[in-house]
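A short worksheet on the structure shown next.
In what follows, every chain begins at residue 1, and chains take the letters A, B, ... in the order their sequences are listed.
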Amino acid sequence: MTDKIRVRFAPSPTGYLHIGGARTALFNLLYARHNNGTFILRIEDTDTTRSTDEYIEAIIEGMKWLGLDWDEGPFRQTDRFDIYRSYSDKLVKEGRAYYCYCSPEELEARRKEAMAQGRPLKYNGKCRDLKEPVAGVNPVVRFRMPVEGQTMVDDLIKGTVSFDNEQLDDLIILRSDGTPTYNLTVVVDDVDMKITHIIRGDDHLNNTPKQIQLYNAFGYPVPKFAHLPMILGSDKARLSKRHGATSVMAYYDMGYLPEALVNYLVRLGWSYGDQEIFSRDELVKYFSFDNVGKAAAVFNPEKLLWLNSQYIINSTPERLADLVIPFLVKEGTISEGQMMDKQWLAKAVATQRERSKTLIELAQSLRYYISEDIEYDEKAKSKFLNKDSRDLLVELKQGLEALPEFTESGIEELFKSIVDRHGIKLGKLAQPVRVALTGGTQSPGIFEVLDVIGKEKALRRLEKAIKAIV
RNA sequence: GGUCCCAUCGUCUAGUGGCCUAGGACGCUGGCCUCUCACGCCGGAAACACGGGUUCGAGUCCCGUUGGGAUCACCA
């Protein structure tokens, strides 16, 4: 048996957990679970000007909602500055890194010049072989990159990718204020945390040869890499705010189930034959980089919506009842903290779940069950609540009042007898009743609706409808 | 601009040289079911970017073109 697999998700807390980050975390998790490995959460907050505790909390909230449970961490890089500095010092001592006194302005000017001349935007090595410190300047520490040869990246998804060392820059590993930069901290942490597989977005592929050189300089074995293709918006540009919701928690707000989002995300770039819907156990069992695609994928909200509807249909009414309550509050259908008969609510939910694509839609569809009063849709009212239906409604109301047991089957029998007596189709009676009870022309089966609404409320609504006709 | 990555229906994808007159899913669409809506079921339109090779045979391998994306900070 080889060493235990250890992977990590390493977001920087400069924003909320977004769709792309969530998928990266998910693939890390699945790979870890599939191989019985360890999944680590590490917060890359070395950019102290942009990182906030609020975002750390938001990322954790998003991961918890999606069930992306980590085994170790969260570690924070700001707690580990001493470690990075000691690694940097070691490099300087060994001549693998050097102090650079060039000012940001100087660097910027050279970059502009290089850009204008069409040359690679690369540090010119001015301070590479400097013998004496420059007085009065706080230097940065630069890593001495090899100037010839190639660096090979062996990637589980992209295959072998080679880079000419010539185009690798002498990157800054310690800023002039002594704080470490990304390329140093990732490598040090991945070494220190014994990460075996680095699974991240392929926007990092170009960083990888530099990091490999760092591993070499430290004398540590290079981990395996898996660079995931990007997620794009409908215009094929990288997914961003202007494509709509990118924050994971926005999908909570829109009434999505976490397992639906997970299922959608995993199928963006990964597949298992023709299967579309996967349980968490199946995901863990089937996951492999062999069937992760190389091409970027366009985020498609319609398919996510469909998946959500499937997950709603297949959730138990009891669970859905619990989940929908916050949305009923938000809709104003019930008040915060209001006591609900959970069993009754589950029964109501059971009649609506196959016509609700989100928890918001579910909450809205529950309104005429819960609220005391309803409003008529004008078109529905004029079409079905009229002289033709009045007598039928009266007859039904009397029948319901006299019904010994107010059950779905009892109600159905009553409907049948009225319809038979008049020699009309069921719809002739059902539609006016539907409008009387729900205000509109679309609803679950009319017997179920009556059953859920209950005798008292149903009679009140029929009475109201009959009066509205006169 | 340099470097790197990528390319099958509108979208997500199956396809690892013959099983492909290219399969599935979302969306779109015709029908069935039916008290309405939805679910469900049956059917339809819809793709191998282009050009060269290699091979008896290419969506599948190679090269080029085109197109898209990423990256080149004292950000991560």
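Of the candidate nucleotides rU13(B), rC4(B), rC74(B), rC4(B) has the atom nearest to the side chain of Phe163(A). Comparing rA76(B), rC6(B), rG24(B) by their nearest atom to the side chain of Glu44(A) picks out rA76(B). Side-chain proximity of Ser12(A) to rA76(B), rC12(B), rC6(B): nearest is rA76(B).
Across all strands shown, rC50(B) pairs with rG64(B); the Watson-Crick or G-U wobble distances both stay below 3.5 Å. Under the Watson-Crick or G-U wobble criterion, with both distances below 3.5 Å, rC20(B) has no partner in any strand shown.
Contacts of Tyr123(A) classified as ring pair (Phe, Tyr, Trp, His ring centres under 6.0 Å), with partners at least two apart in sequence or in another chain: none. The side chain to side chain contact (heavy atoms under 4.5 Å, CB included) search around Ser247(A) returns Tyr16(A), Met249(A), Ala250(A), not counting sequence neighbours. Under the ring pair (Phe, Tyr, Trp, His ring centres under 6.0 Å) criterion, Tyr311(A) pairs with no residue, sequence neighbours left out. Residues passing the ring pair (Phe, Tyr, Trp, His ring centres under 6.0 Å) test with Tyr101(A), sequence neighbours excluded: none. For the side chain to side chain donor-acceptor pair (under 3.5 Å) test, residues two or more places apart in sequence or in another chain that qualify with Asp53(A) are Arg76(A). Every side chain to side chain contact (heavy atoms under 4.5 Å, CB included) that Glu354(A) has, sequence neighbours left out, goes to Ile313(A).
To the nearest whole angstrom, the two C1' atoms, one in rA47(B) and one in rC9(B), are 4 Å apart. For rG43(B) and rC48(B), the C1' atoms lie 25 Å apart once the distance is rounded to whole Å. Nucleotides rC39(B) and rG18(B) place their P atoms 39 Å apart, quoted to the nearest Å. Here, rA38(B) and rG31(B) have their P atoms 14 Å apart, quoted to the whole Å. One C1' atom belongs to rA70(B), the other to rU13(B), and the distance between them is 22 Å to the nearest Å. The gap from the C1' atom of rG23(B) to that of rA14(B) amounts to 6 Å, rounded to the nearest Å. Rounded to whole Å, the separation between the C1' atoms of rU29(B) and rG10(B) comes to 14 Å. When the C1' atom is compared between rG57(B) and rC19(B), the two are found 14 Å apart, to the nearest whole Å.
Note on Glu276(A): a base of the nucleic acid sits closer than 4.0 angstrom, heavy atoms only. Backbone-only engagement by Val161(A) is indicated by non-hydrogen atom pairs under 4.0 Å involving sugar-phosphate atoms exclusively. If you check every strand for non-hydrogen atoms under 4.0 Å, Thr14(A) touches nothing.
Considering only heavy atoms from C-beta on, Leu304(A) comes within 4.5 Å of Phe299(A) through its side chain. You'll find the side chain of Ile277(A) stays beyond 4.5 Å of the side chain of Asn314(A), heavy atoms only. Val292(A) is listed as a side-chain neighbour of Phe287(A), based on a closest heavy-atom distance under 4.5 Å.
Residue pairs meeting the side-chain hydrogen bond (donor to acceptor under 3.5 Å, both in side chains) criterion with at least one member in residues 424-433 of chain A, sequence neighbours excluded: Gln431(A)-Arg434(A). Applying the ring-ring contact (aromatic ring centres under 6.0 Å, His included) definition to pairs two or more places apart or across chains, those involving residues 167-192 of chain A are Tyr182(A)-His204(A).
The closest side-chain donor-acceptor pair between Asp235(A) and His243(A) falls under 3.5 angstrom.
At least one donor-acceptor pair under 3.5 Å links the side chain of Asn308(A) to the backbone N or O of Leu257(A).
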Listed pairs, N/O of protein and of nucleotides 42-50 of chain B, under 3.5 Å:
none

Tabulate atom names and distances for all N/O pairs under 3.5 angstrom spanning the protein and nucleotides 67-73 of chain B.
from, atom 1, to, atom 2, distance (Å)
rA70(B), O3', Arg238(A), NH1, 3.3
rA70(B), N3, Asn206(A), ND2, 3.4
rU71(B), OP1, Arg238(A), NH1, 2.9
rU71(B), O4', Asn206(A), ND2, 3.3
rC72(B), O2', Leu121(A), O, 3.1

Using a cut-off of under 3.5 Å, enumerate the N/O to N/O pairs linking the protein to nucleotides 14-21 of chain B.
from, atom 1, to, atom 2, distance (Å)
rA14(B), OP1, Ser271(A), OG, 3.0

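Remark: the Ser176(A) side chain and the rC74(B) base include a donor-acceptor N/O pair separated by less than 3.5 Å. Judged by distance alone with a 3.5 Å cut-off, no donor-acceptor contact links the side chain of Gln275(A) to the base of rG24(B).
The separation between Lys294(A) atom NZ and rC4(B) atom C1' is 13 Å, rounded to whole Å. rA76(B) atom C1' lies 10 Å from atom CD of Gln211(A), rounded to whole Å.
Shown here is Gln275(A), whose CD atom has more than 12 heavy atoms of other residues, nucleotides or ligands within 6.0 Å. Open room surrounds CD on Glu413(A); 12 or fewer heavy atoms of other groups in view lie less than 6.0 Å from it.
Comparing Glu302(A) and Thr179(A) along RNA chain B, the residue whose closest nucleotide (by nearest heavy atom) sits nearer the 5' end is Glu302(A). Place Leu304(A) and Asn300(A) on RNA chain B by their nearest nucleotides, and Asn300(A) ends up nearer the 5' end.
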Take nucleotides 34-41 of chain B nucleotide by nucleotide from the 5' end and write B, S or -, depending on whether a protein heavy atom sits under 4.0 Å from the base, only from the sugar-phosphate, or from neither. -BBBBSS-

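In this model, the phosphate group of rA76(B) is approached by a side-chain N or O of Thr46(A) to a distance below 4.0 Å at OP1 or OP2. Lys303(A) has no side-chain polar atom (N or O) that falls below the 4.0 Å cut-off from OP1 or OP2 of rU11(B).
Taking the six-membered ring where the residue is Trp, Tyr31(A) and Phe289(A) present tilted rings, their angle falling between 30° and 60°.
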